[in-house]
Amino acid sequence: MSAERDLVRRADDRSAVFGVVGLGYVGLPLAVEVADAGYTVLGFDLKQAVVDGVNAGTSHIQDVPTARLAPLVEAGKISATSDMSRLSEVDVISICVPTPLSKTKDPDVSFVLSAGQAVAKTVRAGQVVVLESTTYPGTTRELLQPLIESKGLKVGEDVFLAFSPERVDPGNPVWQTKNTPKVIGGVTPACGRVMVALYGPVFDTLVPVSSPEAAELVKLLENTFRSVNIGLVNEMAQVCDRLGVNVWEVIDAAATKPFGFMKFTPGPGLGGHCIPIDPHYLAWKMRALNYKTRFIEVAGEVNSEMPTFWVRKLAEGLNEDSKPVRGSQVLVVGAAYKKDIDDLRESPALDIIRLLLQQGAKVSYHDPYVAQLHEDGVDLSSTDLTAAAVRAADCVLVATDHSSLDFAMIRREAGRVVDTRNALGRLPPA
Ligand SMILES: NC(=O)c1ccc[n+]([C@@H]2O[C@H](COP(=O)([O-])OP(=O)(O)OC[C@H]3O[C@@H](n4cnc5c(N)ncnc54)[C@H](O)[C@@H]3O)[C@@H](O)[C@H]2O)c1
C-alpha cells in the first residue's frame, strides 16, 4: 500500500498517532481537539514542568480547562514527553513552537529549526510533518523540507509536509481551535490530500490552498490586516485628540454603516505573540527581495507610539490638577495584552508602566489574571482593586478592560481616569 493510502486509511479509523511539538497556547488546544476526534496524541515539550503538568492532567493554558484535559489523559488519549527521540513513534508531527523576533526585529526561527532537526533525527517513511507556527513565506519548503529529506526520503512520496497556520484567538468564547476554519497548504498535492484526510475529523472546516507559501501568507495577511487597521484607528485616536472629538463616538457611528466598514478600536498599543510580531516576518522577507512593505512599517510605527501617547495624556491630566507625574500615585488597571486572558507577551501595559516609572510616578497595578509582574525593569505585585485604592490614586489608567472588573466603581471613585479602552465610556449612564 502506498504511504499516502495508508495514512488516509489511518485517518479514517483514527489509528494514526499524532505528535504535537510545543504544548503552549497553540499546541495544547490542538492536542485536545485531535484527541477528541479519536486520535492518540503524544505531546512534546522541552519544559519538563509542562510535560509533567500535562501527564498529571493539569492544564497550564486558560483555554483548555483541566476538566477537559484530565479525562483525555486518564483515557490514555494524551500523554507528553520531553524525549524528542520518541518522535519516531508518531505518524503525524504538528509543530507548534514559538516564532519570536530577535532583538533587531528579525525573525527568530531557531525554535522551528531545532524542532525540525529533532524530526530529522528520527524521520521515517510514512510520517507527516505539518508546521503550525506563524512564519515567513518559504519556511516550510526552504527550512523544513531539506531537514525532512536529509535521510533520502522524498517529500510527497515517502513523507509528507504541509503548512497549516494556527489561528487560535486565546480567550475567544465563540471561535476556538475546532470551529475556526483551518487552512492547509501541502508541499505537493499528495501532501495536501494527506493533511486534509488527517485533519478532516479534527476541524469543522478545512480550507486547502495550493502551496505552503500561500498558507504561510494567509496567516501573515490576516495579522497584517489587523495591525494596519488597528494602526489606522490608533492614528484616528490621535487625530481626534487634537481636534477635541471623541474617537469612540466617531468609530461607533461609522460602524453603523452596513457595508464597507469594519470596526476596529484604538487602545494602548499592540500586544500578544501575533499582531506585533508577525507582520515583521513578512517585512523581513520582502526586504531580502528589495521590496519595502510600507503599510507594515507605518502601522508598526503608529501602534508602537501609543504607550507614549497615553502617558502624555496622563501627564496632561495631572497637569490640570497641578500635579507632576513624578511622585503621583498611578493605578494601572489591567496588565495582560487583552481582556480576559493572562498573557503578558508584548503587552503595551508594560511599556506604559515602564514609561511612568521612568518619569518618577508611584505605580501600582491590578490584574485579576496576573498576580506578579517581573519584566525587564518592572517588579510589582497586583494590588486589590478597592474603592480606597482607586480614591488614593492621583490617576487611574485603564490598560486592559477585563470583563470582571468593576468599571462603574472606578468611574464613581476615581479622581482622574485615562481610559485607553473606553471601558468607562461603554458603561450605562450613572
Ligand atoms: N498564542 C497565540 O494566540 C497564537 C495564535 C496563532 C498562532 N500562534 C503561533 O503559534 C506558534 C506557537 O505560539 P504559542 O503561543 O503556542 O507559543 P508558547 O510559547 O505558548 O508555546 C510554545 C511551546 O513550545 C515549546 N518548545 C519550544 N521549542 C521547542 C522544541 N524545539 N521542541 C519542543 N517544544 C518546544 C515551549 O517550551 C512552549 O511550551 C507561534 O508561531 C505563534 O506565532 C500563536
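Just so you know, ligand 1 is whichever comes first in the structure, and atom 1 is the first atom listed for that ligand.
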K.L.:
Are there more than 12 heavy atoms of other residues, nucleotides or ligands under 6.0 Å from atom NZ of Lys105?
P.N.:
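Open: at most 12 neighbouring heavy atoms sit under 6.0 Å from NZ of Lys105.
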K.L.:
So with a 6.0 Å cut-off around CZ of Phe309, is the heavy-atom count from everything else above 12?
P.N.:
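Enclosed: over 12 neighbouring heavy atoms sit under 6.0 Å from CZ of Phe309.
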K.L.:
Would the number of heavy atoms belonging to other residues, nucleotides or ligands and lying under 6.0 Å from NZ of Lys362 be above 12?
P.N.:
no
K.L.:
Counting only heavy atoms and a distance below 4.0 Å, can you name the residues contacting ligand 1?
P.N.:
Val21, Gly22, Leu23, Gly24, Tyr25, Val26, Phe44, Asp45, Leu46, Lys47, Met84, Cys96, Val97, Pro98, Thr99, Phe111, Ser114, Ala115, Ser133, Thr134, Glu166, Val168, Pro170, Lys219, His273, Cys274, Arg345
K.L.:
Establish, for the pair Lys182 and Phe203, whether the NZ or CZ atom is under 6.0 angstrom from the six-membered ring centre and no further than 45 degrees off its axis.
P.N.:
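Here Lys182 passes the 6.0 Å and 45° test against Phe203.
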K.L.:
Using 30° and 60° as the class boundaries, would you call the ring planes of Phe18 and Tyr199 parallel, tilted or perpendicular?
P.N.:
parallel
K.L.:
Please find out if less than 6.0 Å separates the ring center of Tyr369 from that of His402.
P.N.:
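Here the rings of His402 and Tyr369 have centres that are less than 6.0 Å from each other.
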